[in-house]
Amino acid sequence: MCAAKILPIGQSDFPSLRQSNAVYVDKTALIHRLAVAPRSVFLARPRRFGKSLLVSTLESLFKFGLRDFRGLAIESLWTDKTYDVVHLDFSGLKEFKDIEDFSSIFLAHICNRFSEVGFQPENSSNVLAALDNWMRRLPSLSLVLLIDEYDAPLTICLNEPKLFEAVRSVMSKFFSILKSNVGALRFLFLTGITKFSSTSIFSGLNNLTDITLAPAYGTLLGYTEEEIRQNFAPRLTQAAKTLALSEEELMDGLRTYYNGFCFDMRASKKVYCPWSVLSFLDDPEQGFQNYWFASGGHPTVLMKYLEGHELEDPANFAELKEAKLSDLYTPGDLTTIDRDILLTQTGYLTIKSVDDFGIVTLGYPNQEVTMSMAKLYATELLGGRLYRPADGVLLTKLLGEGEISPVIDRFNEAFNALNYDRHPVVNEAACTSYLQALMMGADMVPEVEVHTALGRSDLEVTVGKWHWVFEVKFAATTEKAEALLTKAVSQIKSRRYGERPHGKKLIRVALVYSAEDRRFVVWKNADAEDA
């Protein structure tokens with residue numbers, strides 16, 4: 001791979017990418033398999049996985065043949081002719097105040113894009129009827145239709161039931177026309193973040209093949225590790241040098257932060273988030289950053305959903321979840337969809353394993369997504385008050401200074417702000433989970449239940465030159481706190497918590513939370529002379 005190749009960050013136009021000497025990770029063998037025969041296909045993927053680039057690639061293939069595909073796998077496979085192509089992008093149809101406004105911009109988009117292949121309605125009052133008549137006159141298998149982000153107009157009005165239903169109705173009429181005229185379509189392709197099987201859009205298009213969880217297409221979007229090594233070798237070498245790591249240590253970091261997404265019902269294939277990998281390789285000096293959240297926060301559909309629903313109890317923040325595989329295929333409608341299914345569709349949870357009975361284990365794919373999710377949980381813990389970056393900066397600064405009392409004071413400030421009606425601190429596990437969420441929301445990487453040969457510590461985190469170990473105890477009443485503190489100190493020392501190699505200065509802290517006072521009431525440096 002030539003070192004001069006540029007990184008295709010933010011490039012979603014395939015012809016431009018190919019003309020700009022940018023790296024293209026060759027997915028065209030899979031694209032050939034997908035598009036070689038007439039069919040109607042749906043694919044859901046989280047944001048930042050390259051759906052729009054895939055649509056643009058298909059557009060170029062069907063419109064211009066192999067013009068933009070020199071040197072790629074499909075060059076020796078594709079033998080089809082060129083077609084009229086209509087490319088609809090619904091991601092721009094999100095700014096509307098009522099159904100009349102939506103109908104106007106939706107139909108205008110339909111008219112504009114279909115006019116490029118000869119559709120000219122006589123008037124604007126009955127565009128869909130005119131489109132139906134026009135498509136009925138088309139030759140068989142003569143038109144390719146690509147629809148990107150089909151669900152964008154629906155998710156923007158998720159919490160407005162009347163408007164949502166009206167938008168759904170307008171869109172359903174359009175999709176019903178496509179179903180009636182499927183014989184004219186050489187290839188129909190829809191993408192989205194979500195699939196809501198009860199919106200009647202999918203029932204109107206009952207000939208759609210959903211490849212979202214098909215093992216054959218599990219790596220169609222996203223980078224495999226082999227693809228990263230093959231396509232970005234010079235960049236990897238430079239990044240390793242910049243960070244003073246071996247290339248294997250660098251790959252370990254990439255795996256931890258950006259790998260782990262699984263879109264395969266057999267759980268046999270994992271991929272990296274392309275946006276995060278490209279962003280890291282573009283500026284490796286910054287280290288392994290959270291590009292998932294920084295590239296636009298949380299997706300609209302998730303935030304709209306959470307306006308009317310709650311996250312799981314933050315005390316269960318780090319636990320694996322279970323779901324039925326059938327629920328991933330048919331998740332229901334926008335108002336009744338299970339929270340974990342939606343989190344899977346938006347990329348916050350991913351398939352970890354599938355058993356013989358169709359039960360899927362779900363979990364966070366990687367460190368980057370875990371930290372993004374922690375920001376949501378930190379906000380949830382604070383009763384909907386956004387966990388501000390300044391909050392996290394202050395906590396990180398205090399931990400980096402290595403003074404215990406200011407850190408505990410900051411913990412108490414955060415716990416004092418908790419929404420106790422919804423998330424009371426009832427045991428030691430809740431204390432630890434809440435601290436974990438607050439730290440991760442501040443872009444730290446705490447470890448919970450770190451095992452040694454003699455036991456396991458509650459919480460450890462490295463900040464700057466310090467490696468902190470926290471042993472947390474929960475006291476129902478404050479009078480029991482001192483005895484629990486003594487026990488925690490003894491536990492830290494006898495079980496040698498934190499004494500593994502890490503090259504940092506060690507601070508081991510015993511602390512006791514009192515349910516009676518709703519705060520950490522006593523704490524001690526386990527290595528102080530008077531401990």
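None of the values given here were measured: they were computed from a predicted structure.
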Should the pair Phe288 and Phe280 be assigned to parallel (<30°), tilted (30 to 60°) or perpendicular (>60°) ring geometry?
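Rings of Phe288 and Phe280: parallel, as their planes differ by under 30°.
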
Is the ring pair Tyr348/Trp292 parallel, tilted or perpendicular, if the boundaries are 30 and 60 degrees?
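Answer is perpendicular, since the angle exceeds 60°.
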
Can you tell me if Lys270 has over 12 outside heavy atoms packed within less than 6.0 Å of its NZ?
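Open: at most 12 neighbouring heavy atoms sit under 6.0 Å from NZ of Lys270.
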
Please determine whether the number of non-hydrogen atoms from other residues, nucleotides or ligands lying under 6.0 Å from atom CZ of Arg456 exceeds 12.
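Check fails, neighbour count at 12 or below.
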
Charged N to carboxylate O below 4.0 Å: is that the case for [X] and [Y]?
{"X": "Arg168", "Y": "Glu165", "value": "yes"}
{"X": "Lys352", "Y": "Glu322", "value": "no"}
{"X": "Arg410", "Y": "Glu413", "value": "yes"}

Would a line drawn from the ring center of [X] to the ring center of [Y] be shorter than 6.0 Å?
{"X": "Tyr223", "Y": "Tyr258", "answer": "no"}
{"X": "Phe520", "Y": "Phe415", "answer": "yes"}
{"X": "Phe42", "Y": "Tyr150", "answer": "yes"}
{"X": "Phe263", "Y": "Tyr217", "answer": "no"}
{"X": "Tyr257", "Y": "Tyr291", "answer": "no"}

Do [X] and [Y] meet the criterion of a side-chain donor-acceptor pair at a distance under 3.5 Å?
{"X": "Asn366", "Y": "Thr256", "answer": "no"}
{"X": "Ser514", "Y": "Thr478", "answer": "yes"}
{"X": "Thr194", "Y": "Asp151", "answer": "yes"}
{"X": "Thr191", "Y": "Glu149", "answer": "no"}

Could you point out which residue of Arg48, Glu368, Gln289 forms a side-chain hydrogen bond (donor to acceptor under 3.5 Å, both in side chains) with Ser276?
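Testing each of Arg48, Glu368, Gln289 against Ser276, the sole residue satisfying side-chain hydrogen bond (donor to acceptor under 3.5 Å, both in side chains) is Glu368.
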
Does the side chain to side chain contact (heavy atoms under 4.5 Å, CB included) test come out yes or no for Phe96 and Ile156, once each step is laid out?
CA-CA 9 Å; Phe96 53 89; Ile156 203 68; 3.5 Å; yes

Examine distances only and state if a side-chain atom of Lys473 and a backbone atom of Lys487 form a donor-acceptor pair shorter than 3.5 Å.
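Between the backbone of Lys487 and the side chain of Lys473 there is no qualifying donor-acceptor contact (under 3.5 Å).
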
